[in-house]
Amino acid sequence: MDFRFGGLLGLCLLLFFSNRLAANIKLPALLSDNMVLQQNTGVTLWGWADPGEAVEVTGSWNNQAVKTNADATGNWQVKLYTPKAGGPYTILFKGNNVIQLNNVLAGEVWICSGQSNMHFPVAPIENSGWATGVVNYQEEIAKAGYPQIRMFTVAREVADEPQQDVEGNWQVASPATVGDFSAVAYFFAREIYEKTGLPIGLINTSWGGTPAEGWTQKEVLESDADLIPILERYTVDVEKYPEAIEVYREELENWKKESEEAKDRGEKPAAAPREPMGPKHHKSPYKLYNAMVAPLLPYTIKGAIWYQGESNAERAYQYRKLFPAMIANWRQGWKSDFPFYFVQIAPHRSQRPEIREAQLLTMQTVPNTGMAVITDAGDSLDIHPQNKQVVGKRLALWALAKNYGQKNIVYSGPVYKSMQVAKNKIKLSFDHVAGGLVAKDGDLTEFTIAGADQQFVPAQAKIEGNKVVVWSNEVKNPVAVRFAWERIPEPNLYNKAGLPATPFRTDTWQAETYGKN
């Protein structure tokens, strides 16, 4: 055999197999068929490849390629300029391999996050804990032909360190898919789409029972003295975990036996024991941020909607600091002061009025935020009220008015502004009266009044123009008023646009959760 020929053949084979072994470009789960890209802007597209590998990205709307090379660690990123709302389009990624994404729309992209009330699906899901679905879910599913609305649901994970990718895929809204959609997010998108015609992309990253600190970066919690106790408590819990989990497993086995016996007797089983806090618990601080927010940060978004607070109600005073810190954290991560709209917690026996106050204060102090009040859409016995249509619509009112040019839309109910003492009465002024105040179905309810002794008593109240006058014959020298300051209030103060007033208090006296951290 000619050794020169053999050497040449070996070199050819080596080059052939080397090329075969070269890493194909890979895309994150968010970049896939059916996705929605933020319209009319420079969006970030990214992925992984061999170090130094040439990558070329082309959108079918202009067929202009954007080129880059993967860095020394195999990461690459490009900025692609999107057209105004429309589609469908294709996007071509070329490296050692070629990936084509189909049915891509340009539109509006919203992050949708929080705990179970954001995760709550349109339809009941068998063996999932979601036994009800929304009001009229069969009808909602039947009419869900909205191919311009898409949702990406992030798989639920925790992580000790920030991750690069998530699991999930984009789903087009249809009767076959919408049952699994976050109901609040879907109704929010539907309202905007029907008013504007813009395609809407929803990224649902939510998990039931999770506190706000789980969605907040560790460094943010470490940097604030009022939030450090969260981390200190977690450290102690993790240290105790090995022993606590053994106790839990034993209690769980006993509970299973006792539950079966109770069922046999026709009795309701006792509540299951709670799993102790550990390093993989979904209530852990900062680990949801690492697994379910950090990987999303390169994706260009319009804004965020949020439905959470139930799990922080017992530390509501701390939430005054934590919630704004989380919002600032997200905005820093996305490098944008995007709009952030959230839902005020509905009346329920487990929810303190101070958590609603903390949310109100956030709206009043953090720019470009808005709050949907749902005091009239709760369920005192169910922390998951089924009327998610009204929640989505009221969130959409904020976006339509503030972000989509619908200037004539009333987007907020009355918000307390100031008070004036006039002898034995207090006159209250409000923002967002929208043509006038209304007492729905009778006399005004849920007002209380107090003197300097801080003892609140039920008060009478009436509307005078755009003000509410409050008094009680038991309080000769009033100094403070509270409205809907209960776990389960049933207030009836609205504006003429039909939006309810937010609960409030005029005083700053120390409340029950003060000092709980």
Side-chain angles (χ1 to χ4, degrees), residues 27-47 57-66 77-93 100-113 145-154 168-173 181-182 185-205 296-305 330-331 333-341 368 370 392 395-407 409 411:
L27 302 178
L30 271 172
L31 304 187
S32 57
D33 291 345
N34 305 319
M35 70 177 176
V36 180
L37 294 176
Q38 184 60 38
Q39 66 160 328
N40 210 25
T41 190
V43 300
T44 299
L45 303 178
W46 73 103
V57 183
T58 308
S60 66
W61 52 88
N62 60 13
N63 290 317
Q64 293 182 356
V66 179
Q77 186 176 140
V78 299
K79 181 160 284 190
L80 195 68
Y81 285 88
T82 55
K84 65 181 181 180
Y89 301 108
T90 60
I91 304 179
L92 208 60
F93 297 82
Q100 179 172 303
L101 302 186
N102 301 306
N103 197 25
V104 175
L105 298 180
E108 299 290 283
V109 181
W110 289 82
I111 293 288
C112 315
S113 190
Y146 290 93
Q148 303 274 343
I149 298 175
R150 283 93 184 276
M151 181 173 291
F152 184 102
T153 300
V154 176
N169 57 78
W170 287 94
Q171 294 287 322
V172 178
F181 278 28
S182 157
Y186 169 65
F187 294 128
F188 167 80
R190 189 177 71 181
E191 188 72 15
I192 294 174
Y193 173 73
E194 289 182 342
K195 293 292 191 298
T196 67
L198 296 171
I200 306 293
L202 304 163
I203 301 175
N204 171 22
T205 181
L296 313 177
L297 293 177
Y299 205 87
T300 306
I301 65 170
K302 177 70 171 186
I305 57 173
W330 284 26
R331 286 174 168 173
W334 262 285
K335 298 181 176 62
S336 168
D337 289 328
F338 55 79
F340 193 105
Y341 304 133
N368 206 12
L395 285 169
L397 292 176
W398 281 90
L400 289 166
K402 297 291 188 179
N403 309 115
Y404 297 114
Q406 308 278 319
K407 299 300 183 184
I409 285 181
Y411 55 89

Worksheet item: Atom CG of Asp33 and atom CG of Asn103: how far apart are they, to the nearest 0.5 Å?
Response: 7.5 Å
Discussion item. Are the side chains of Leu105 and Pro88 in contact, using a 4.5 Å heavy-atom criterion?
Written reply: yes
Worksheet item: Taking atom CZ of Arg150 and atom CG of Asn169, what is their separation to the nearest 0.5 Å?
Response: 12.5 Å
Fill in: Test log, rule side chain to side chain donor-acceptor pair (under 3.5 Å), inputs Gln64 and Tyr81
CA-CA 10 Å; Gln64 293 182 356; Tyr81 285 88; over 6 Å; no
Discussion item. Under the rule for side chain to side chain contact (heavy atoms under 4.5 Å, CB included), what residues qualify as partners of Thr90, not counting sequence neighbours?
Written reply: Ser60, Gln100, Asn102
Practice prompt. Grab the two heavy atoms, one from Ser182 and one from Met151, that are nearest each other, plus how far apart they are.
Written response: N-SD, 3.4 Å
Worksheet item: Ala396 and Ile192: which non-hydrogen atoms are nearest, and at how many Å?
Response: CB-CG1, 4.0 Å
Worksheet entry | Minimal non-hydrogen separation, Val172 against Phe181, with atom names | C-CZ, 4.2 Å
Fill in: Given Thr58, Leu37, Leu31, the one that forms side-chain contact (heavy atoms from CB on, under 4.5 Å) with Ile91
Leu37
Worksheet entry | Point-to-point distance, once rounded to the nearest 0.5 Å, from OH of Tyr341 to CZ of Phe188 | 8.0 Å
Practice prompt. Mind checking the OG1-NZ spacing from Thr300 to Lys79? Nearest 0.5 Å is all I need.
Written response: 7.0 Å
Worksheet item: Under a 4.5 Å cut-off applied to non-hydrogen side-chain atoms, are Ile301 and Leu296 in contact?
Response: no
Item to complete: Identify the heavy atoms of Leu80 and Leu45 that sit nearest to each other, and give their distance.
Response: CD2-CD1, 3.6 Å
Discussion item. Run Val36 and Ile200 through side-chain contact (heavy atoms from CB on, under 4.5 Å) and show every step you take.
Written reply: CA-CA 7 Å; Val36 180; Ile200 306 293; over 6 Å; no
Worksheet item: Under 3.5 Å, is there a donor-acceptor pair between the side chain of Gln406 and the main chain of Leu400?
Response: no
Worksheet entry | salt bridge (charged side-chain N to carboxylate O under 4.0 Å, His left out) against Lys302, all qualifying residues, sequence neighbours excluded | Glu108
Response to the item:
What one should report as the nearest heavy-atom pair of Ile203 and Val154 is CG2-CG2, 4.1 Å
Fill in: Derivation and outcome, side chain to side chain donor-acceptor pair (under 3.5 Å), residues Lys195 and Tyr404
CA-CA 9 Å; Lys195 293 292 191 298; Tyr404 297 114; over 6 Å; no
Item to complete: May I have the step-by-step check of side-chain contact (heavy atoms from CB on, under 4.5 Å) for Glu194 and Tyr146, ending in yes or no?
Response: CA-CA 10 Å; Glu194 289 182 342; Tyr146 290 93; 2.6 Å; yes
Worksheet item: Roughly how far, to the nearest 0.5 Å, is CG of Leu30 from CZ of Phe152?
Response: 4.5 Å
Item to complete: Kindly compute the distance separating OH (Tyr299) from CH2 (Trp46), expressed to the nearest 0.5 Å.
Response: 7.5 Å
Worksheet, complete the sentence: Tightest non-hydrogen contact, residues Phe338 and Asn368, listed as C-ND2, 3.4 Å
Fill in: Stepwise side-chain contact (heavy atoms from CB on, under 4.5 Å) test for Thr82 and Tyr89
CA-CA 10 Å; Thr82 55; Tyr89 301 108; over 6 Å; no
Practice prompt. Could you pull out all residues at least two apart from Ser32 that satisfy side chain to side chain contact (heavy atoms under 4.5 Å, CB included)?
Written response: Trp170
Worksheet item: For Val109, does its backbone N or O pair with a side-chain atom of Gln38 as donor and acceptor, under 3.5 Å?
Response: yes
Practice prompt. Could you check if a side-chain atom of Trp110 sits within less than 4.5 angstrom of a side-chain atom of Pro339, using non-hydrogen atoms only?
Written response: yes
